[in-house]
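Just so we're clear, the structure is a prediction, and the values are computed from it rather than from any experiment. Numbering starts at 1 and runs along the sequence shown.
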Amino acid sequence: MTQPIRALEDQDEPALLRDQFRQLLRYRALLASGVVLGLLGGGWLALSGEESYTSTGEVVVRSAASDPFAAGASADKGINIGSERQTAVSDTVGTLAVGSLARHGDRVEVGTLMSGLQVTNPPNTLVLRFAYTGRTPALAKSRAEALADAYLEIRRQRTEDSIANMVDGYRAQLKPLTEQRDQLAAQAGTSNDVTSARANLVVSISELSRKISELRALDTTPGYLTKKPVAPTDPTGAGLPLLLGLGGVVGLALGLLLSWVRLVFDPAVRSTRELVRSLGAPLLGTLPRERASAGALLAIGRSGSRLAEEYRAVAFRLAYDPSFAQRRRLLVTAPRGDNDAAAAAAVNLAAAFAEMGRDVLLVEADLRTPSLARDLGPAVQGAGPRWASEGERAWPSDSRMNVDVPGSGAFTLIAGRRTDNVPRALTSAPVGRIVAEGDRPGAVVIVLAPPVLSYADAVALIDRVEGVVVVCDPREVHRSDLERIREIIGAAGGSVLGALLHPGRSRYERRARKKAGRRRTGGGRSGSATGRGGGGRGDREHTGDPAETLGLRTFDSTAGHR
């Protein structure tokens, strides 16, 4: 049993991610612009920035000790490395370094000097790493060494000042004790109490004298410059290749961000999944772009044509669709804009059905800008209609033609003709009899209608031709347009069988077509009365006023007894 055509099911998470990434790649101009901006920015940073050099020196910090070789002596006793790092970048060190540099001819302000200094502390060490960045290697080396020496000098001075202050304190305590001892010495031998007090004073004086001696014996070395700064040979910072690479990465990220913003606010259909959801119908096929098909309406009949094979696949899919097989009537239209893609789809689907052995009747219901007979060229052969009444001259009278498809067969074309009252012509009894030919066994009727959102001509035919195929360019059609088409066709009693996507025209093709249209408009106004379809008011140039489509539909008793 043949199953009906179903819409695409929701995709899994990886497929959704691939689909979103594919949608972002639609905006290649934004991606390329972001990458170019990133590369230009990286190149500008690399070429416009001054070269700088960094010289590094390392200082091991130690505390004052009486015997650094004694057992249990600890080098980090009383050292807070965080505080020492703050001291190294302080203005006190900078001021001392400025004085040292000035004696060697390098005059610099404290703020300028300290702006190029960076002091870091490797983890779990008592090492301070002085890194100075300057304009020249010699300048970086001399300033890094001056700052490291200034830090050691400041730390040595502070240690010596602390020792001097403690010695002065002990001496202040020692002076009254010495005076009391001398007074008690003058009273020696008078009593045992005096002797005992004098002995206690001697012990206190001895203890204070010992502490003073220990403080004077301390090793006040603040640290060691274990790695002297040397003049660097290469400039620091990222080079041109690295900056270009970083600029390209940043530019690509910027391009992706711009593409995502453009995607969010883009009203066009962003994926086939979204198209199917908006239109409420499946995707019948996607037409490939072929250079050989440029300017040629018929693709079927050319050997090795991928476009012809896609049309055949769509025709087979429709032929076995139960909703189409029941009535065998198909209305082909576009959302809005020009109708060239829909015309090509209608002609090639007619040729594909003729290739299957069907009796195909193609009706050009575009009575505003008819062009099929002209575009098909020598394949069209005129023939008299068997259904037209004697003497009737209004469309579709005298419009039946045979179209020969090389190697595939032939089908019948009811060519369009410019008409004043388009709605009345489309709802006339002859058109109803033409469409009713689809009820014959083995017959297929395909109707080409103008864009459904531009004119109401397609809506006037839906009560006779229920199945609709929408031919559109996914890059130009909007989601709101598809939803409106679904509502219009559903309200008129028809159903959308599916969508057929075409690649659209390139910029060069659109420009060439505009020029050709202007040439035809400028040169064909005076001779419009001698154009295809004979004279009469129906051949006057159409104004394109959509109000003409609002005429009342006449009742046709022969149309579609369902």
Side-chain angles (χ1 to χ4, degrees), residues 5 7-8 10-11 16 18-31 256-289 314 331-346 366 368-369 448-462 467-492 494-507 509-511 513-514 544-547 549-550:
I5 300 176
L8 295 176
D10 291 338
Q11 304 176 18
L16 289 176
R18 287 194 299 269
D19 186 52
Q20 292 176 0
F21 186 73
R22 194 179 299 113
Q23 293 171 25
L24 291 177
L25 293 181
R26 291 171 56 186
Y27 308 105
R28 295 182 179 88
L30 291 176
L31 293 174
L256 289 174
L257 177 61
L258 294 177
S259 300
W260 179 79
V261 173
R262 178 71 176 84
L263 180 65
V264 169
F265 294 99
D266 190 3
V269 175
R270 294 175 291 191
S271 65
T272 56
R273 207 169 133 268
E274 194 169 39
L275 181 143
V276 168
R277 185 172 60 250
S278 300
L279 190 61
L283 176 64
L284 297 177
T286 302
L287 302 178
R289 183 186 295 275
V314 174
L331 190 143
V332 181
T333 184
R336 62 172 76 247
D338 60 61
N339 213 33
D340 295 337
D366 188 354
R368 306 174 189 276
T369 56
L448 172 63
V452 65
L453 295 181
S454 299
Y455 305 99
D457 301 352
V459 183
L461 294 167
I462 288 178
V468 180
V469 170
V470 180
V471 183
C472 59
D473 183 0
R475 297 172 300 178
E476 296 181 358
V477 66
H478 293 180
R479 297 184 294 274
S480 58
D481 292 344
L482 296 177
E483 294 172 357
R484 187 181 174 196
I485 289 173
R486 180 182 62 186
E487 294 173 357
I488 291 175
I489 294 176
S495 62
V496 182
L497 298 180
L500 183 61
L501 303 183
H502 66 89
R505 295 188 184 91
S506 63
R507 187 176 302 175
E509 293 173 346
R510 291 195 298 268
R511 191 182 299 114
R513 185 171 181 83
K514 287 181 180 179
D545 185 5
T549 66
L550 301 180

Between the CH2 atom in Trp260 and the OH atom in Tyr27, the distance rounded to the nearest 0.5 Å is 12.5 Å

Of all heavy-atom pairs linking Leu283 and Ala499, the shortest is CD1-O, 3.5 Å

Looking at side-chain heavy atoms only, is the closest gap between Arg368 and Asp457 below 4.5 Å?
yes

Just how far is it from atom CZ of Arg336 to atom CD of Glu476, taken to the nearest 0.5 Å?
11.5 Å

Would you compute the distance between atom CG of Leu25 and atom OG of Ser259 and round it to the nearest 0.5 angstrom?
8.0 Å

So how far is it from Leu263 CG to Leu256 CG, rounded to the nearest 0.5 Å?
11.5 Å

Is the shortest heavy-atom distance from the side chain of Asp473 to the side chain of Pro503 under 4.5 Å?
no

If you compare all heavy atoms of Gly337 against all heavy atoms of Pro451, which two are closest, and at what distance to 0.1 Å?
O-CG, 3.2 Å

Please identify each residue that fulfils side chain to side chain contact (heavy atoms under 4.5 Å, CB included) with Arg486, with sequence neighbours left out.
Glu483

Closest heavy-atom pair and its distance - Leu331, Ala458
CD1-O, 3.9 Å

Under 4.5 Å between any side-chain heavy atoms of Asp366 and Thr369, yes or no?
yes

Stepwise, does the side chain to side chain contact (heavy atoms under 4.5 Å, CB included) test hold for Val471 with Thr333?
CA-CA 6 Å; Val471 183; Thr333 184; over 6 Å; no

Close side-chain approach of Ile485 and Val470, heavy atoms under 4.5 Å
yes

What distance do Leu31 atom CG and Leu258 atom CG have between them, rounded to the nearest 0.5 Å?
8.5 Å

Looking at every non-hydrogen atom in both residues, tell me the closest pair between Val332 and Ala345 and how far apart they are.
CG1-CB, 4.4 Å

So do the side chains of Leu501 and Leu275 get within less than 4.5 Å of each other, counting heavy atoms only?
yes

Would you say that Ile488 contacts Arg484 through its side chain, given a criterion of any heavy-atom pair below 4.5 Å between the two side chains?
yes

Correct closest heavy-atom pair for Ala334 and Asp338 would be CB-O, 4.3 Å

Could you please spell out the steps behind the side chain to side chain contact (heavy atoms under 4.5 Å, CB included) verdict for Val477 and Leu482?
CA-CA 8 Å; Val477 66; Leu482 296 177; 3.7 Å; yes

Write down the atom of Leu500, the atom of Gly285, and the distance for their closest heavy-atom approach.
CD1-O, 3.5 Å

